[in-house]
Each structure stands twice: as C-alpha cells, then as structure tokens.
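What follows is a set of notes on a single structure, which appears directly below.
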Amino acid sequence: MSRRSVIIFVWLAIGAAAAGQRGYYTPAGLGCSGGATIGITLAAGPLNYIGVDPKITCNWPTPSP
C-alpha cells in the first residue's frame with residue numbers, strides 16, 4: 001500500500017470515529033440529512049477535532065396533489 005493510501009485511510013478512519021462519537025450512526029439519524037452529515041463528517045476527518053462541525057440539511061420539495 002502506498003503512503004497516500006495509508007494517509008487517506010487514516011483520515012477517513014478519524015472522520016468515522018468523530019461521527020461515532022457524535023452519535024450519527026443511530027437509526028433515528030439515517031435520513032437524507034443524516035446520511036449527508038455522516039458523509040461530510042467522514043470527509044472532514046481530523047478537522048472535526050479542531051472545531052469543524054459540518055452539518056447538512058436536505059430540503060425535499062413536497063409533491064403537489
């Protein structure tokens with residue numbers, strides 16, 4: 001495995017740990033907003049521990065009757 005692959009793996013593992021510590025993996029939080037927030041928290045990686053708290057909200061249009 002190359003050095004770049006190891007760095008990316010560690011980065012994402014740290015992001016996964018941060019999402020777990022914030023309780024994002026609970027079944028109640030798995031909707032559009034919850035999934036997007038988990039994804040962005042994983043991508044932020046170690047930045048979560050220096051104050052970054054990314055959250056995303058999804059606004060779905062309601063269908064007209």
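Index from 1, following the sequence.
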| remark: Paired with Arg4, the side chain to side chain contact (heavy atoms under 4.5 Å, CB included) test is passed by just one of Val6, Ile7, Ile8, namely Ile8

| Counting distance only, does the side-chain N/O of Trp11 pair as donor-acceptor with the main-chain N or O of Pro46 below 3.5 Å? | no

| request: Heavy atoms only: give me the nearest Ser33-Cys58 pair and the separation to one decimal. | output: OG-N, 2.9 Å

| field | Under 3.5 Å: donor-acceptor pair, side chain of Thr37, backbone of Ile56 | value | yes

Run the side-chain donor-acceptor check on residues 14-23: report pairs under 3.5 Å with partners two or more places apart or on a different chain.
residue : atom : partner : partner atom : Å
Gln21   : OE1  : Tyr49   : OH           : 2.9
Arg22   : NH1  : Asn48   : OD1          : 3.1
Arg22   : NH1  : Asp53   : OD1          : 3.1
Arg22   : NH2  : Asn48   : O            : 3.4
Arg22   : NH2  : Val52   : O            : 3.2

| request: Starting at OH of Tyr24, measure out to CD1 of Ile40 and round the result to the nearest 0.5 Å. | output: 11.0 Å

| query | Same hydrophobic cluster for Ile50 and Leu12, using side-chain heavy-atom links shorter than 4.5 Å among ILVMFWY? | reply | yes

| said: Within the supplied structure, the quantity of interest is the number of heavy atoms (other residues, nucleotides, ligands) at a distance under 6.0 Å from Phe9 CZ; does it exceed 12? | reply: no

